[in-house]
4 protein chains.
Amino acid sequence: MNLSPRERILQAADEVFGRVGFDAASTRDIAEAAGVNKALIHYHFKTKDGLLTAVLEGYYGRLTDTLRGVLLRPSGSLRERMRDLVGAYLDFLHANLSFVRIVQREAGGGRHVDLVAERTLPLLALGRALLRERYPTTHGGAMAAEQLLVSFYGMLVAGFTFGPTLARLLESDPTSDAALDQRKRHVAHLVDLIFDVLDRGDGDDAEAAR
Amino acid sequence: MNLSPRERILQAADEVFGRVGFDAASTRDIAEAAGVNKALIHYHFKTKDGLLTAVLEGYYGRLTDTLRGVLLRPSGSLRERMRDLVGAYLDFLHANLSFVRIVQREAGGGRHVDLVAERTLPLLALGRALLRERYPTTHGGAMAAEQLLVSFYGMLVAGFTFGPTLARLLESDPTSDAALDQRKRHVAHLVDLIFDVLDRGDGDDAEAAR
Amino acid sequence: MNLSPRERILQAADEVFGRVGFDAASTRDIAEAAGVNKALIHYHFKTKDGLLTAVLEGYYGRLTDTLRGVLLRPSGSLRERMRDLVGAYLDFLHANLSFVRIVQREAGGGRHVDLVAERTLPLLALGRALLRERYPTTHGGAMAAEQLLVSFYGMLVAGFTFGPTLARLLESDPTSDAALDQRKRHVAHLVDLIFDVLDRGDGDDAEAAR
Amino acid sequence: MNLSPRERILQAADEVFGRVGFDAASTRDIAEAAGVNKALIHYHFKTKDGLLTAVLEGYYGRLTDTLRGVLLRPSGSLRERMRDLVGAYLDFLHANLSFVRIVQREAGGGRHVDLVAERTLPLLALGRALLRERYPTTHGGAMAAEQLLVSFYGMLVAGFTFGPTLARLLESDPTSDAALDQRKRHVAHLVDLIFDVLDRGDGDDAEAAR
DNA sequence: TATGAATGAGAGTTCATTCAT
DNA sequence: CATGAATGAACTCTCATTCAT
């Protein structure tokens, strides 16, 4: 629908960054994919880093809006909100595969860690606060809020970051809508299991007693 | 100590690839880190790709040995073997941080997906076979073997791949031994939860009935 | 003067290729001779091969125009046209020494044979057609059109391709105007001799009878 | 027949130099073709230039023996000796295609001109001396001895140096025995023509009078 | 806004050569 | 005699970036 050159560059960068990674992507590739001159990228985004920042800022803006809306919804139990959040997160990743792939590459180290960390931290901090408030037992120990968040994050993201490899094991395409549905039900199930435990209130001590 | 130049190159490549990623790593960086001439890399490994392959082959060889040993141990219930496997995997990743970071970057797409996929598939296939044999209900549905494997994988890996970002949220260093211990207990707990469900035998139907 | 950078690159490449040969020529040499940045060569010509192609295309364009003009001139006997062609060819080579030297190196094998062959063939085919039409006896045998063309070509080119060596035998510089004049008269003489034979009509049979 | 490594290197170098040219040939290629270690080349021939020298010295030794034998044969007219020489030369080139291709590339300039020139000059000087002695009119003018030698050389060599290109025009393979025979008869014919002229004694003056 | 031309820096790779064994 | 290992220099080519227009 006749996007502006600036928008076309952003879309092209998103696609190329997601496909081959930031470092393997060249501004020439992106300019060609966008149908614009290489120099125009620098006119709009100053540097290649600036282009990555712009792409990620766009994603984080939309993601944060989505998740904050779910997490901070006043009504509903925390469990329900977590279930919704898991669903919303999976939907978002499913609809923005490049985003997962870019983040997965940059979150593990390298020059852009901060870019990712700064935008991720508020969400993690919010999640941790909610968990600790509702379930005081999630301070320290085996079911510590931090551990839960890491596990949730891992479950949510694994299906996508590992997609190309899983596609070879599974008979079906892991990026299909059917696969998304199954994954959502699975993760929701696990979330329920975990909240069952939290509600039962057995934290570390119970665990240690096993 | 007093490693051969070839070995020094492998170690340097491992460190640099893990820190900045394959594409951002230059052969000059690696050669300098190894204290050898740039050309020696090509003498021993032909290309930069060949160097990555050699690094990963080393890791996969050791990892496969470790995990196969645990998984195929004749005695012990599947639950116990899974618990051990989770522990062994976390130990391995903890001791080989570069490996996680390299794999996380290359598993999501790009020119080296196959390198990762080919070595990962056998392990996944083995895990799936064991789960399906012992728990026939893990065919299809919300608790399908594939879903479980993906979730397990996500939980195991997330703490490391997300490490640099988590380090900013957590008060403690996520790569410390203490953090590893806590993470191991947490994941073991989750594994237990899941096997409890599997042993109770409620698969999709029970889930759907909720 | 005040040539464009692109043109300066072409001239520098011509000079360097002619002097040391394509393989011994480095893009750095050429860039320096042209007074431009090394990368500009690739900006304009994509690869070093592309640069050679561009140089040769320029030559072949001008040469073909020149020779076609002479060969296809409607008036004048074939003998006269051949004499003119020989003169025009020698003039062209004399004015474009690099061209002979480049072609001589690439025509004998290696990666660029096709580049030379494709542009030379039409001229050879034209010459053969004219000879066969006018002198049917030049089909097959000792004075076959192909043999004549090869001999003509050898005579024309030898003085230049062999130049540096001949310079040591001859007292005078073989690239001087005087040398060119003498060579032109000599070759014209030989051409006359040959056409005398052709006009007398004794082809193979006469020859065989000797 | 179980050649010595030194001999195998020489043969391999000959083949590779002839095929791709000295500059495009790498010692690795040659070593592989010879089935020996790269370093052995330097052990036997000191440098890559030394290897080329050795290859060419071998050729020039055999060629000089062959041609001197024919040229200096006491009996027989000069014409007959020239005819024999032409035949012997063509035979030699036919049997040593690499030689022509190497010489053609190096005779036109570059770092090895001297190597070629020094070995070629004696032959040229001898030919010139014989011509001048027998035909005093070949001093200066259109039929000067030097011109004749250049033309002879061009005719002799053209079929081979131009081979790969001619192969596309001619229906038959220019390196076949049949093609060699035809070429020999053709060149012999031309030589006869020229000696007819010389014997008739009309040099420049006759020519100029036409 | 948008571009073609131009550049310095550096990429991966190959080179002929050396040397200890 | 022969080799595997090692190196400094140079290679072609690509990079992100700049600038005049």
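Everything numeric in this text was worked out from a predicted model, so none of it was measured. Lettering follows sequence order; numbering is per chain, from 1.
Residues B/Val36 and A/Asp49 both approach DNA chain F. Their nearest nucleotides, taken by heavy-atom distance, put B/Val36 toward the 5′ side. Comparing B/Phe22 and C/His44 along DNA chain E, the residue whose closest nucleotide (by nearest heavy atom) sits nearer the 5' end is C/His44. Heavy-atom nearest nucleotides on DNA chain E were determined for D/Asp29 and for B/Asp23, and the one closer to the 5' end corresponds to B/Asp23.
Listed nucleotides E/dA11, E/dG8, E/dG12 differ in distance to B/Lys48; the shortest reach to its side chain belongs to E/dG12. Closest to the side chain of A/Leu40, from the set E/dT14, E/dA6, E/dA2, is E/dA2. The side chain of A/Tyr43 approaches E/dT1 more closely than any other nucleotide in the set E/dA6, E/dT1, E/dT3.
In terms of polar N and O atoms assigned as donor or acceptor, the side chain of B/Lys38 comes within less than 3.5 Å of the base of E/dT13 in a complementary pairing.
Panel note: side chain D/Arg8, backbone D/Ala33; no donor-acceptor pair is recorded below 3.5 Å.
For A/Arg62 and A/Tyr59, the positive end sits near the middle of the six-membered ring, less than 6.0 Å away and at most 45° from its axis.
At the heavy-atom level, C/Ala31 lies nowhere under 4.0 Å from the strands shown. Note on A/Arg28: only backbone sugar-phosphate atoms sit closer than 4.0 angstrom, heavy atoms only; bases stay farther off. Residue contacts for D/Ala24: at a heavy-atom cut-off of 4.0 Å it reaches no nucleic acid atom on any strand shown.
No side-chain donor-acceptor contact under 3.5 Å links C/Asn37 and C/Tyr43.
Summarising the base pairing, F/dT3 is matched to E/dA20 through a Watson-Crick or G-U wobble pair whose two defining distances lie under 3.5 Å. If you check E/dG8 for Watson-Crick or wobble pairing at under 3.5 angstrom, you find it paired to F/dC15.
Remark: C1' of F/dT7 and CD1 of B/Ile41 are 13 Å apart, rounded to the nearest angstrom. As rounded to whole Å, 15 Å separates atom C1' of F/dA5 from atom NE2 of D/His42.
Minimum interatomic distance between C/Asp29 and C/Ala24 (heavy atoms only, all atoms of both residues): OD2-O, 4.5 Å.
Across C/Leu97, C/Val103, C/Asn96, a single residue satisfies side-chain contact (heavy atoms from CB on, under 4.5 Å) together with C/Phe160, and that is C/Leu97.
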